[in-house]
K.L.:
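I am attaching a structure below and will ask some questions about it afterwards.
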There are 2 protein chains.
Amino acid sequence: MAAAETARGRLAPLAEEETLSLGERAYRRLRASIVQGMLPPGGKISERGLATQLGISAQPVREALQRLEQDGMVITLPRRGTVVAEVGPAQLAELGRIRAALEGVAAALAAERLEAGALAAFAAILARMKAGTETADHEALDAANEDFHARIHHATGNPFLIRSLGSLRAYDHLGRCRAVGSMPRDLPRALREHQGIVAALRRRDPTLAEARMRAHVLRSLVTNGVLRPPRGKRSP
Amino acid sequence: MAAAETARGRLAPLAEEETLSLGERAYRRLRASIVQGMLPPGGKISERGLATQLGISAQPVREALQRLEQDGMVITLPRRGTVVAEVGPAQLAELGRIRAALEGVAAALAAERLEAGALAAFAAILARMKAGTETADHEALDAANEDFHARIHHATGNPFLIRSLGSLRAYDHLGRCRAVGSMPRDLPRALREHQGIVAALRRRDPTLAEARMRAHVLRSLVTNGVLRPPRGKRSP
DNA sequence: GGCTGCCAACTGCTATGGCAGTTGTCCATG
DNA sequence: CATGGACAACTGCCATAGCAGTTGGCAGCC
């Protein structure tokens, strides 16, 4: 549905960057700054300082910080200051398990109310993934993976779910730096898992889709090093 | 832990109402107004109008509306207005399933990092529940139920989980008006489920706690009428 | 009558200024 | 030297004013 269809008689839409509010832009930028390491954990940040640094007023910055606090990335002590939250391995693991559960529910909902046309889009993404797996193109695989999950999120049509998973995905980029790049032997496994999820979607089986999605996210977190392998597995 | 301990040498804390920011107060008030029926779905609301109505500035109102939008309770069209979102039975069911999944994860995390002293508190809550069940005191049962879940949420220590479940709980009050009061025969079942969850916590079994908690929430949603009974059940 | 274009009254959004509370520093005092 | 208190430099929080974009309606024209 979101395929490139140029509508006749309508002007071209603005570059997405221009149409967003300053608060939204500040939110994304600050979030990226946190997960990428600048704005280190424990570092103090102030509304006015960031405002002058970003060239905007203090109000949008305040809104951005408030959203970041809801995400758990900063904590503000009233009248005392705002500091970047320290997200240790333990918390990262918790957030990963939360994300796995939510992704599972999203897959279940998507399986129920998926329109027929969307299946073609998933097939296309699977094709991209297969090509990326054979050539070991990590960038392309990452992009396809993003598309895959984002499309499932939006297929649910649930704004709460979409927003929550969007926030949780940010932490994903944070945990990835500890184990850069998946093991080559894990790429085919991820591909099979994605194929299995799409198969469950095509079968309109919410329970199966949820189970497969949740297992996929959990295993992906294990190979990324943010989760320990569950007990009772083969690992020397 | 949250039991009434008066700390020596410190002044008595203010009434919670006084220490909260105006934005936080506006958020809670507006959320309550929405779930209770005033501010009907589809109704337009404006920052300035609410500001004068609440006797505060437009800025805290704006923050409150932004949080409400993240919860999915209002949707604001840029430069056009803000309207109360219509939460139909279908969306209510989705949110219920999301809440069930998150409550399950919360129970699992609580089972892992529960300190020994907290078990006594759960035992006390169970006692209150048992008494309320025998006398069919719905108000006391509701209060005990709130305490039960809130304590589990805080036992996880995860701010993201706490905040998300707090937002989702608001919808719970919205769906309850369609089936006022549980069936009398369902009260003992709820009690048994709560006891089973506490038993899993005491056993430090995350998997069991999650399964029981999730099943409990789902069944509770079924008896409240927001969720249809799963296929393959005895119901004429 | 039906359509076009303009104008006033909204809307959300941002900038500015100032409030109250906290903290760190520096000087006066015991 | 150690201690206490006041001042200045912060902080987050809130109120006010004005911006830009949207909408409804009314006058004017075809």
K.L.:
Can you name the side-chain contact (heavy atoms from CB on, under 4.5 Å) partners of A:Ser57, sequence neighbours left out?
P.N.:
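Listed in chain order: A:Gln59, A:Pro60.
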K.L.:
Taking the six-membered ring for Trp and the single ring otherwise, decide whether the centroids of A:His154 and A:His149 are under 6.0 Å apart.
P.N.:
no
K.L.:
Listing request: all salt bridge (Lys or Arg N to Asp or Glu O under 4.0 Å) pairs with a residue in residues 66-79 of chain A, at least two apart in sequence or in separate chains.
P.N.:
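Salt bridge (Lys or Arg N to Asp or Glu O under 4.0 Å) check on residues 66-79 of chain A returns A:Glu24-A:Arg67.
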K.L.:
When you check every protein heavy atom under 4.0 Å of nucleotides 9-17 of chain C, what one-letter string (B, S, -) results, 5' to 3'?
P.N.:
--SBBBBB-
K.L.:
Distances under 3.5 Å between protein N/O atoms and the N/O atoms of nucleotides 6-8 of chain D, please, pair by pair.
P.N.:
none

K.L.:
Is there a donor-acceptor contact under 3.5 Å linking the side chains of A:His194 and A:Asn145?
P.N.:
yes
K.L.:
Got a sec, which pairs hit side-chain hydrogen bond (donor to acceptor under 3.5 Å, both in side chains) with one end in residues 39-55 of chain B, sequence neighbours left out?
P.N.:
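Counting only pairs at least two positions apart or across chains, the side-chain hydrogen bond (donor to acceptor under 3.5 Å, both in side chains) contacts touching residues 39-55 of chain B are B:Glu47-B:Arg62.
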K.L.:
Minimum heavy-atom separation for B:Ala51 to B:Val61, with atom names?
P.N.:
CA-CG2, 3.8 Å
K.L.:
Please list, chain by chain and in numerical order, all residues satisfying side-chain contact (heavy atoms from CB on, under 4.5 Å) with A:Leu141, sequence neighbours excluded.
P.N.:
A:Met129, A:Thr133, A:Leu187
